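Here's the structure we're looking at; comments come further down.
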Amino acid sequence: MAKFHKLTVKNIRPETDECVSIAFHVPEELKPEFEFTQGQYVTLRTDINGEDIRRSYSICAAPHEGELRVAVKKVPQGKFSTFANEVLAEGDEMQVMTPQGRFFTELKENQQKHYVAFAAGSGITPVMSIMKSVLKVEPQSNFTLFYGNKDAQHIIFKEQIEDLKNVHMQRVRVHHVLSRENPGADLFHGRIDEEKCNSFCNLLLNPQNIDEVFLCGPEPMIKAASNVLEDKGVPTVNIHYELFTSPNQPSAKQHATAKKGAEVKGSVEEGRVKVILDGEETNITVGTDGDNILDAALKAGTDVPFACKGAVCMTCKAKVLKGDVKMDKNYALLDEEVNQGYVLTCQAHPTTDEVVVSFDD
Ligand code: FES
């Protein structure tokens, strides 16, 4: 189970005017727990003006770099991102959750693949980790990156990307796409939308030779790129995307592919739910006041894990051992996990009088 640990900020590095990367010191005894795979993320937790704030950020480092580093881009009115960019200092302590996520494919030294990534803004963060890992672990694989930003000034990891290109000249192709600045070619001016993706596929890519695709950025870009690539014959299973959301984002902003489990209808007036966490059992009542199992468990004083509360991060995953629940939304669990009884407790409401959910399974 994902768990918070208090870590010290080892280094803060400005990446652009509005983005910092933060490295944490991981003590020797916690290193096994903080091992990660390229493309994963951590949830950071801190108290800002008495409010418990949690946000998930992708790790920009590759596992072989031996560093736990995330990038945090300042977003307008973003409580945590503003705090991280303006207040947080080296030596400060912060709760960091052990790494999670499955925005990756298995890398093998003798594999020869063509990886293609579409990223926009801070969506480059997990892609950096993936790109560096692919280049290190698979010497015969190639990587093509399409990276969208407002202008050249806002390109996060610009120099690192250039360095990778220079070191792996034959294996890396990078195409910057700028929306508010014409980089000299109309093809690379504008947003990464369906039209652009079509042009890229026609002029710069052979979709038959794409093995894995990684998409990370705003939802319209993810949809545009996946639609075009699927149309061109790239199998859906090879198109991977990372979607971030926060509790306050309207659900319309989320990816429209809710998975099985979101369709179960009907809830009971009041359900008695037994929550098992770290071997301890807590009995709670989940009523019709809109509370989900996670919120009810939090109100009862348990320390159940969560981050996004938006059906995306999977931090609140638990297994239903008895009874049934329905989920409002599910953007994280695979069908097979739902079939095995796993639910996102931040979206789960009891549909039977008695339910037992375990965070330990
Ligand atoms: S808290 Fe993120 S999916 Fe439930």
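For clarity, every value in this text was computed on a predicted model and none was experimentally measured. Reckoned from all heavy atoms, side chains included, excluding hydrogens, waters and symmetry mates. Each ligand, and each atom within it, is numbered from 1 in the order the structure gives.
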Quiz item: Near ligand 1, which protein residues have a heavy atom under 4.0 Å away?
Solution: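 Around ligand 1, where the cutoff is 4.0 Å for heavy atoms, the contacting residues are F306, A307, C308, K309, A311, V312, C313, M314, C316, C346.
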Quiz item: Is R45 positioned over the aromatic face of F4, cation under 6.0 angstrom from the ring centre and no more than 45 degrees off axis?
Solution: yes
Quiz prompt | Option among L321, V357, D361 that satisfies the side-chain contact (heavy atoms from CB on, under 4.5 Å) test with I276 | solution = L321
Quiz item: Can we say K3 and E33 salt-bridge, meaning some charged N sits less than 4.0 Å from an Asp/Glu carboxylate O?
Solution: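 Result for this pair is no, no salt bridge flagged.
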Quiz item: Between K136 and E65, does at least one N-O distance fall below 4.0 Å, as a salt bridge requires?
Solution: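 Not counted as a salt bridge, because no side-chain N and carboxylate O are separated by less than 4.0 Å.
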Quiz prompt | Sub-4.5 Å side-chain heavy-atom contact between V177 and F200 | solution = yes
Quiz item: Does the ring centre of F143 sit less than 6.0 Å away from the ring centre of H168?
Solution: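 Between H168 and F143, the centre distance exceeds or equals 6.0 Å.
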